[in-house]
2 protein chains.
Amino acid sequence: MPIWAYDGAMARAATTSDAFNAIAEPQRREILVLLRGGERPVTDLARDLGMTQPQASKHLRVLREVGLVRVRGAGRQRLYGLDARGLRPVHEWLGGFERFWSGSFDRLDEYVQELKQAKQEGPHDGDDQ
Amino acid sequence: MPIWAYDGAMARAATTSDAFNAIAEPQRREILVLLRGGERPVTDLARDLGMTQPQASKHLRVLREVGLVRVRGAGRQRLYGLDARGLRPVHEWLGGFERFWSGSFDRLDEYVQELKQAKQEGPHDGDDQ
DNA sequence: TTGACACATGCCGATATGGGCATACGATGG
DNA sequence: CCATCGTATGCCCATATCGGCATGTGTCAA
């Protein structure tokens, strides 16, 4: 069966599919944080994060595939550097929820009601709870 | 062998472990977005997102376990509401990278160098590339 | 050229995911 | 009390993940 014709059970979205998935991994996040301090070779990162070199390489591969990291060959080393541009959309998506956590949670519903009223929009349904 | 004594190969972090993992799922993100418009019952969400009811329930379960969503029984319906507080830490973590995407990427390294110089920090290694 | 060093990759194993489907559960209405 | 609606769960499957380990690849030094 050709894989491309198969639309049945798919497991989980690939971790390399997007930044959201890439940063879901704690170790990968730590790598990104470290990289904020400048380019570093694989072994360096592995040591600092207490993981094996292959592990570091694999995580870096993922980060590279989603474009959060770039590589630069420096002699026999491979310097990994941060490319945070891919994090921006994620940050912005989360920003869309900012007003929902800045207000008191208990009054969230009221707030939503206010919004609805103010914008006079409620296109998709007629439910009036 | 007792499972609890096993520290060998562990697959991936549970999707219910934290908000980072919870929002890694596109459908789950869509649910959160919808919920921004106010409380909604499961079936409603499922219909709007074009997924089956069990699926919606499962995703909502995950979101509930990480505290991004709360439930309220309303008659024989279960109204799901957004609780975005858990998104705040994520947003803040990403905020730590803001300055890395606002500047020109090509000058990122220089920028990092400036930072290093300015803060006079470079404690962990002696590599001087 | 050979050896050493820095990484990348391949393979195996255990896990948990997400989808489909059937069904159990809980509350309401008749 | 029973039928029904609205949800939650359980089970099966295929997948891909992440960890460990061994090994392949590329670069520099002697």
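For the numbers below, each heavy atom of this structure counts, side chains included, while hydrogens, waters and symmetry mates do not. Naming: A, B, ... by sequence-line order, numbering from 1 per chain.
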Between [atom2] on [N] and [atom1] on [X], what's the gap in Å once rounded to a whole number?
| X | N | atom1 | atom2 | result |
| --- | --- | --- | --- | --- |
| A:Met51 | D:dC21 | CE | P | 16 Å |
| B:Asn21 | C:dT17 | CG | P | 9 Å |
| A:Glu39 | C:dA6 | CD | P | 18 Å |
| A:Leu49 | D:dG19 | CG | P | 11 Å |
| A:Arg47 | C:dC5 | CZ | P | 16 Å |
| A:Glu25 | C:dT17 | CD | C1' | 15 Å |
| A:Gln27 | D:dT17 | CD | P | 16 Å |
| A:Ile23 | D:dC18 | CD1 | P | 14 Å |

> Going by the ring pair (Phe, Tyr, Trp, His ring centres under 6.0 Å) test, which pairs reach into residues 20-72 of chain A, not counting sequence neighbours?
Replying inline: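 Counting only pairs at least two positions apart or across chains, the ring pair (Phe, Tyr, Trp, His ring centres under 6.0 Å) contacts touching residues 20-72 of chain A are A:Phe20-A:Trp93.
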
> Residues in salt bridge (charged side-chain N to carboxylate O under 4.0 Å, His left out) with B:Arg88, at least two apart?
Replying inline: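 Checked B:Arg88 against salt bridge (charged side-chain N to carboxylate O under 4.0 Å, His left out); matches are B:Glu92.
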
>> Going by salt bridge (charged side-chain N to carboxylate O under 4.0 Å, His left out), name the residues that satisfy it together with B:Arg61, two or more places apart in sequence or in a different chain.
In response: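 Residues passing salt bridge (charged side-chain N to carboxylate O under 4.0 Å, His left out) with B:Arg61: B:Glu65.
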
>> Tell me whether B:Arg64 contacts the main-chain N or O of B:Val69 through its side chain, where contact means a donor paired with an acceptor under 3.5 Å.
In response: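 No, the answer is negative, given that no donor and acceptor are paired below the 3.5 Å cut-off.
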
>> Run the side chain to side chain contact (heavy atoms under 4.5 Å, CB included) test against B:Thr52 and tell me which residues pass, sequence neighbours left out.
In response: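 Listed in chain order: B:Pro54, B:Gln55.
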
> Under the ring pair (Phe, Tyr, Trp, His ring centres under 6.0 Å) test, which residues partner A:Tyr80, sequence neighbours left out?
Replying inline: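 Residues passing ring pair (Phe, Tyr, Trp, His ring centres under 6.0 Å) with A:Tyr80: none at all.
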
>> I'd like to compare against my own output: the B/S/- annotation of nucleotides 4-9 of chain D with a strict under-4.0 Å heavy-atom distance to protein.
In response: BBSBBB

>> Looking at C:dT17, I'd like to know if its phosphate oxygens (OP1 or OP2) sit under 4.0 Å from a side-chain N or O belonging to B:His59.
In response: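 It does not, given that no N or O in the side chain of B:His59 lies less than 4.0 Å from OP1 or OP2 of C:dT17.
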
